[in-house]
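Read the structure below first, then the notes.
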Amino acid sequence: MKKLGVSLLAMTVASTAAAADMGAVDEPIKLAINEWTGQHISTHVAGEMLKAAGYNVEYVTAGYMNMYQAMSDGEVHGAMEIWSSNVSDDYAKKVDAGGVVELGDLGLDAKEGIAYPAHVAELCPGLPAWEALNECAQVFATADTLPGGRLVDYPADWGTPGADRMTGLDLPFKAVPAGSEGALIAELRASTERKSPLLITFWQPHWAMSAYDVQFVDLPVGEEACFNDPAWGPNPNAVNDCDFAPSRIFKAGWSGIADKWPAAYEILSNYQLAVEDQQPMMGAIDVDGGSVEEVVAAWMAENEDKWRPVVDAATQ
């Protein structure tokens with residue numbers, strides 16, 4: 001079932017929420033900027049909504065896996081795109097300790113997994129079944145990974161989900177972390193243009209999923225037992241022998257935000273962004289070369305009906 005459209009949600013919020021105090025408008029609200037384009041968009045849309053309400057906003061570069069201490073300390077006040085399938089243990093610890101609070105779902109439908117450009121199925125017969133990778137690992141091998149195949153994993157700062165699955169499923173692949181999101185895209189582009197083999201950890205929403213006809217490997221369904229009980233799944237000696245857990249994308253912030261900036265807390269809690277809105281902006285930035293600021297500003301101007309009611313509900 002599709003989620004409620006952003007416009008309908010915004011109108012609902014506007015009709016039911018009461019205005020909140022603005023709070024410390026003379027002090028900037030600092031939003032975390034992480035390492036991928038979609039997160040930049042999600043954060044800048046939220047920031048522009050806060051600015052429209054009358055707040056000062058600063059965008060602060062922060063490592064995705066280790067930003068929660070700064071958030072708990074009140075040095076960063078919000079993170080707008082946290083993926084439940086790839087979040088550090090530190091997040092839960094800071095929530096339990098009371099320094100960080102969840103601000104609700106962002107609203108993006110998401111999937112993460114082990115993926116490949118569609119043409120790779122011809123090089124590795126049996127795909128998308130994961131078992132096929134046992135038979136054709138050598139097709140993906142490089143000088144650095146022989147005799148095993150090469151998996152291009154997420155950048156090191158994002159964790160090691162691809163490597164975890166190669167180990168869990170006992171697949172003969174070496175996971176090599178990409179240097180950045182841009183490096184992941186470069187791998188997809190090169191593989192597509194050259195029709196060369198590529199196995200990669202990737203996700204949607206992302207403009208590259210359609211631009212490069214990317215397919216996901218069929219892995220055993222990710223269940224909680226898979227991540228805790230070695231006896232679960234095809235490999236009785238390891239955990240993580242399954243797909244990613246279904247991803248939930250949510251927002252979080254410093255626990256003091258509701259007291260210091262009540263209206264901002266309401267805006268960020270009620271803010272949502274649809275895949276249909278985020279993904280074209282990603283393409284405008286990563287494919288067409290637009291800046292985050294310009295692309296977000298254009299979207300804000302053209303889609304005021306989708307975000308203005310949330311701001312008005314918190315401030316009027």
Side-chain angles (χ1 to χ4, degrees), residues 1-11 13 31-52 57 59 64 78-83 85-86 104-113 115 117-118 154 158 178 180-189 191-193 200-216 247-251 267-268 270-311:
M1 179 181 295
K2 290 186 176 293
K3 295 181 181 291
L4 284 173
V6 174
S7 297
L8 178 57
L9 174 68
M11 289 186 288
V13 170
L31 300 181
I33 294 292
N34 301 140
E35 299 90 348
W36 67 98
T37 301
Q39 196 274 350
H40 297 179
I41 292 166
S42 300
T43 304
H44 277 262
V45 171
E48 294 308 303
M49 290 171 66
L50 292 176
K51 290 179 182 179
V57 175
Y59 300 109
Y64 173 70
M80 295 296 102
E81 190 174 316
I82 301 172
W83 291 58
S85 58
N86 191 33
D105 288 349
L106 178 59
L108 293 175
D109 291 320
K111 177 176 172 59
E112 291 183 273
Y154 282 164
W158 301 9
S180 64
E181 179 187 359
L184 290 170
I185 302 306
E187 292 278 357
L188 285 170
R189 181 181 298 115
S191 174
T192 300
E193 292 174 353
I200 191 168
T201 310
F202 212 70
W203 73 97
Q204 64 179 32
H206 198 292
W207 63 265
M209 288 298 296
S210 54
Y212 297 114
D213 191 10
V214 181
Q215 307 293 318
F216 284 108
S247 292
R248 171 178 169 249
I249 302 178
F250 60 96
K251 304 157 291 179
I267 290 168
L268 296 180
N270 290 312
Y271 159 54
Q272 291 200 333
L273 186 66
V275 169
E276 293 79 9
D277 289 307
Q278 190 200 59
Q279 208 151 256
M281 286 192 274
M282 296 165 77
I285 294 164
D286 287 338
V287 180
D288 301 333
S291 71
V292 174
E293 293 80 5
E294 292 170 344
V295 170
V296 168
W299 183 86
M300 300 287 287
E302 296 169 3
N303 295 276
E304 192 165 355
D305 62 312
K306 295 183 177 181
W307 60 267
R308 176 67 69 176
V310 175
V311 172

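The figures here come from the full heavy-atom set of this structure, side chains too, leaving out hydrogens, waters and symmetry mates.
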> Backbone N or O of L273 within a donor-acceptor pair of the D277 side chain at under 3.5 Å?
Replying inline: no

> Do any N or O atoms from the side chain of E181 and from the backbone of T37 form a donor-acceptor pair under 3.5 angstrom?
Replying inline: yes

>> Can you tell me how far apart CD1 (I200) and OG (S191) are? Round to the nearest 0.5 Å.
In response: 8.5 Å

>> Could you check whether any side-chain N or O of K251 sits under 3.5 Å from a backbone N or O of Y271, counting only pairs where one atom can act as donor and the other as acceptor?
In response: yes

> Taking only residues two or more places apart in sequence or in another chain, which ones pass side chain to side chain contact (heavy atoms under 4.5 Å, CB included) with A284?
Replying inline: D288, V295

>> Using a 3.5 Å distance criterion without hydrogens, assess whether the side chain of E35 forms a donor-acceptor pair with backbone atoms of Y64.
In response: yes

>> Just verifying a value: how many Å separate H44 NE2 and M49 CE, rounded to the nearest 0.5 Å?
In response: 15.0 Å

> Closest approach of P205 and D109, non-hydrogen atoms and distance?
Replying inline: CD-O, 3.4 Å

>> Rounded to the nearest 0.5 Å, what separates atom CG in L268 from atom CG in L106?
In response: 11.0 Å

> Is there a side chain to side chain contact (heavy atoms under 4.5 Å, CB included) between V275 and Q204 once you walk through the steps?
Replying inline: CA-CA 9 Å; V275 169; Q204 64 179 32; over 6 Å; no

>> Let me confirm one number: the CH2-CG distance from W203 to L184, rounded to the nearest 0.5 Å.
In response: 5.5 Å

> Can you name the residues that form a side chain to side chain contact (heavy atoms under 4.5 Å, CB included) with S247, not counting sequence neighbours?
Replying inline: W83, S85, A110, E112

>> I'd like to know whether Q278 forms a side chain to side chain contact (heavy atoms under 4.5 Å, CB included) with W299, so could you lay out the CA-CA distance, the side-chain angles of the two residues, the decisive distance to 0.1 Å, and finally the verdict.
In response: CA-CA 10 Å; Q278 190 200 59; W299 183 86; over 6 Å; no

> Say you draw a straight line from CD1 of I285 to CD1 of I41; how long is it, rounded to the nearest 0.5 Å?
Replying inline: 4.0 Å

> Which pair of non-hydrogen atoms, one from V311 and one from A52, has the smallest distance, and what is that distance?
Replying inline: CG1-C, 4.4 Å

> Side-chain contact, heavy-atom cut-off 4.5 Å: I185 with D286?
Replying inline: no

>> Tell me the closest heavy-atom pair linking V214 and A115, and the distance in Å.
In response: CG1-CB, 3.6 Å

>> Could you report the tightest heavy-atom contact between L108 and A274, atom names first, then the distance?
In response: CD2-C, 3.6 Å

>> If I take atom CE from residue M300 and atom CH2 from residue W307, how far apart are they, to the nearest 0.5 angstrom?
In response: 4.0 Å

> How close do P309 and E304 get, heavy atom to heavy atom, and via which atoms?
Replying inline: CD-O, 3.8 Å

> Who passes side chain to side chain contact (heavy atoms under 4.5 Å, CB included) against Q39, sequence neighbours left out?
Replying inline: I33, N34, W36, T43, E81

>> Show, in sequence, the C-alpha distance, side-chain angles and deciding distance for Y59 and H40, and conclude whether the side chain to side chain contact (heavy atoms under 4.5 Å, CB included) test is met.
In response: CA-CA 9 Å; Y59 300 109; H40 297 179; over 6 Å; no

>> Quick check: closest heavy atoms across G47 and V57, and the distance to 0.1 Å?
In response: O-CG2, 3.6 Å

